[in-house]
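To keep things clear, I will list the structure first and then write my remarks on it.
If you're wondering where the values come from, they're calculated on a predicted model, not measured in any experiment. Within every chain, numbering begins at 1; the chains are lettered A, B, ... in the order of the sequence lines, protein sequences first and strands thereafter.
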Number of protein chains: 2
Amino acid sequence: MPDDKSYTCQVRALHEDAVEAARSSSLPDDEVFELARLFTVLGDPTRTRILRALRSGELCVCDVSHVLGMSISSVSHQLRVLREHNLVKARRDGKIVFYTLADPHVLDLHETALEHVRE
Amino acid sequence: MPDDKSYTCQVRALHEDAVEAARSSSLPDDEVFELARLFTVLGDPTRTRILRALRSGELCVCDVSHVLGMSISSVSHQLRVLREHNLVKARRDGKIVFYTLADPHVLDLHETALEHVRE
DNA sequence: TTAACACTTGAACAATTGCTCAAATGTTCA
DNA sequence: TGAACATTTGAGCAATTGTTCAAGTGTTAA
């Protein structure tokens, strides 16, 4: 962090108390990254649609593909991302793999976010 | 949507009722995109840090830059994104622009998401 | 064993994104 | 007015991401 003009403003404009207050209440780095990563996972329209589809109960990959009108492969890739972040759970029954929401809490995030989106 | 093997599974594996249920409870497209867009905006570590920093009160761009240890330019770019999605508000006082959280609801999203992240 | 099939995976490609750098704005004050 | 300075903005570049295509895995049943 070079201390030149292009990088920071002149010292006299700083509000040191406010900066210190913000610093001391900040999240640990790893939590910041995990938090951001979770939102990133939620922040893809395809994955959003998959989570919404699973609200009504378990679906196999093929079902999800039909609901979304997208290829099996694409859906499977995204289900993997959701699985890796513990947002959905997989259960194999013979040739078919069924997916369910791992944690209904995720839908709380949708609800709160929808309130913001709808103003 | 071509109806060939590479695209969909064979019909007999489909669970039509489940597919229909999922379809009928799905969100309108524009809400899906807005929802996903909001999460995408929340899903960047820099923006996450900025929102956390603003929890303790208003900060000028320079303050935020110091709290995060990032360039003024970079912070200003991200503040713009947050502003455009109504997550922060700007107020100019002379040469200085102060930013505040536009809507404390956003922090609810952080709390719920942190619970998920912390298991 | 072999064929069929639901699903997964890896590589490749285009599109998006966050940062840096340089230049432009907007405001204050001498 | 002109200099100083906080902030914004645009272009450029590297890194990340979502989709497709093709090949691979795992399971069932003939």
Fill in: Exceeds 12 heavy-atom contacts within 6.0 angstrom, atom CG of A:Asp103
yes

Worksheet entry | Shared hydrophobic cluster for A:Leu107 and A:Leu38 (ILVMFWY, side-chain gaps under 4.5 Å) | yes

Worksheet item: Can you check whether B:Ser74 has a side-chain N or O nearer than 4.0 Å to OP1 or OP2 of C:dG18?
Response: no

Discussion item. Ring-plane angle category for A:His15 and B:Phe98, please: parallel below 30°, perpendicular beyond 60°, tilted otherwise.
Written reply: tilted

Worksheet item: Can you tell me how far NE2 of A:His116 sits from CG of B:Asp108, rounded to the nearest 0.5 angstrom?
Response: 11.0 Å

Practice prompt. Give the B/S/- string for nucleotides 25-30 of chain C, one per nucleotide from 5' to 3', where a protein heavy atom under 4.0 Å of the base yields B, of only the sugar-phosphate yields S, and otherwise -.
Written response: -BBS--

Worksheet, complete the sentence: Output for pair (B:Leu114 CG, B:Leu109 CG), nearest 0.5 Å, gives 11.0 Å

Worksheet item: Quick one: CD on A:Glu31 to OG on A:Ser26, what's the gap to the nearest 0.5 Å?
Response: 10.5 Å

Worksheet item: Can any side-chain N or O of A:Ser24 pair as donor or acceptor with the backbone N or O of A:Glu20 at less than 3.5 Å?
Response: yes

Worksheet item: For the pair made of CG in A:Leu68 and P in D:dG18, what is the distance, rounded to whole Å?
Response: 14 Å

Response to the item:
From CE of A:Met70 across to P of C:dA6 the rounded distance in Å is 19 Å

Check: protein-nucleotides 10-15 of chain D nitrogen or oxygen pairs below 3.5 Å:
from   : atom 1 : to      : atom 2 : distance (Å)
D:dG10 : O6     : B:His77 : NE2    : 2.8

Worksheet item: So what does A:Tyr99 touch, heavy atoms closer than 4.0 Å: a base, only the sugar-phosphate, or nothing?
Response: sugar-phosphate

Discussion item. Does anything in residues 51-60 of chain A form a side chain to side chain donor-acceptor pair (under 3.5 Å)? List the pairs, not counting sequence neighbours.
Written reply: A:Arg52-A:His110, A:Glu58-A:Arg91

Discussion item. Can you tell me how far apart OG1 (B:Thr40) and CG (B:Leu35) are? Round to the nearest 0.5 Å.
Written reply: 9.5 Å

Item to complete: Using only side-chain N and O atoms of B:Gln78, determine if any of them is under 4.0 Å from OP1 or OP2 of C:dT17.
Response: no

Fill in: Length of the CD1-P vector between A:Ile72 and D:dT20, whole Å
12 Å

Worksheet entry | salt bridge (Lys or Arg N to Asp or Glu O under 4.0 Å) contacts in which one or both residues fall within residues 34-49 of chain A, not counting sequence neighbours | A:Arg49-B:Asp29

Discussion item. Under 4.0 Å, heavy atom to any atom of DNA chain C: which of residues 35-51 of chain B qualify?
Written reply: B:Arg37, B:Asp44, B:Thr46, B:Arg47

Practice prompt. Return the set of residues passing salt bridge (charged side-chain N to carboxylate O under 4.0 Å, His left out) with A:Arg80 (not counting sequence neighbours), or none when no residue passes.
Written response: A:Glu84

Worksheet item: Rounded to whole angstroms, how far apart are CG on B:Leu79 and P on D:dT9?
Response: 11 Å

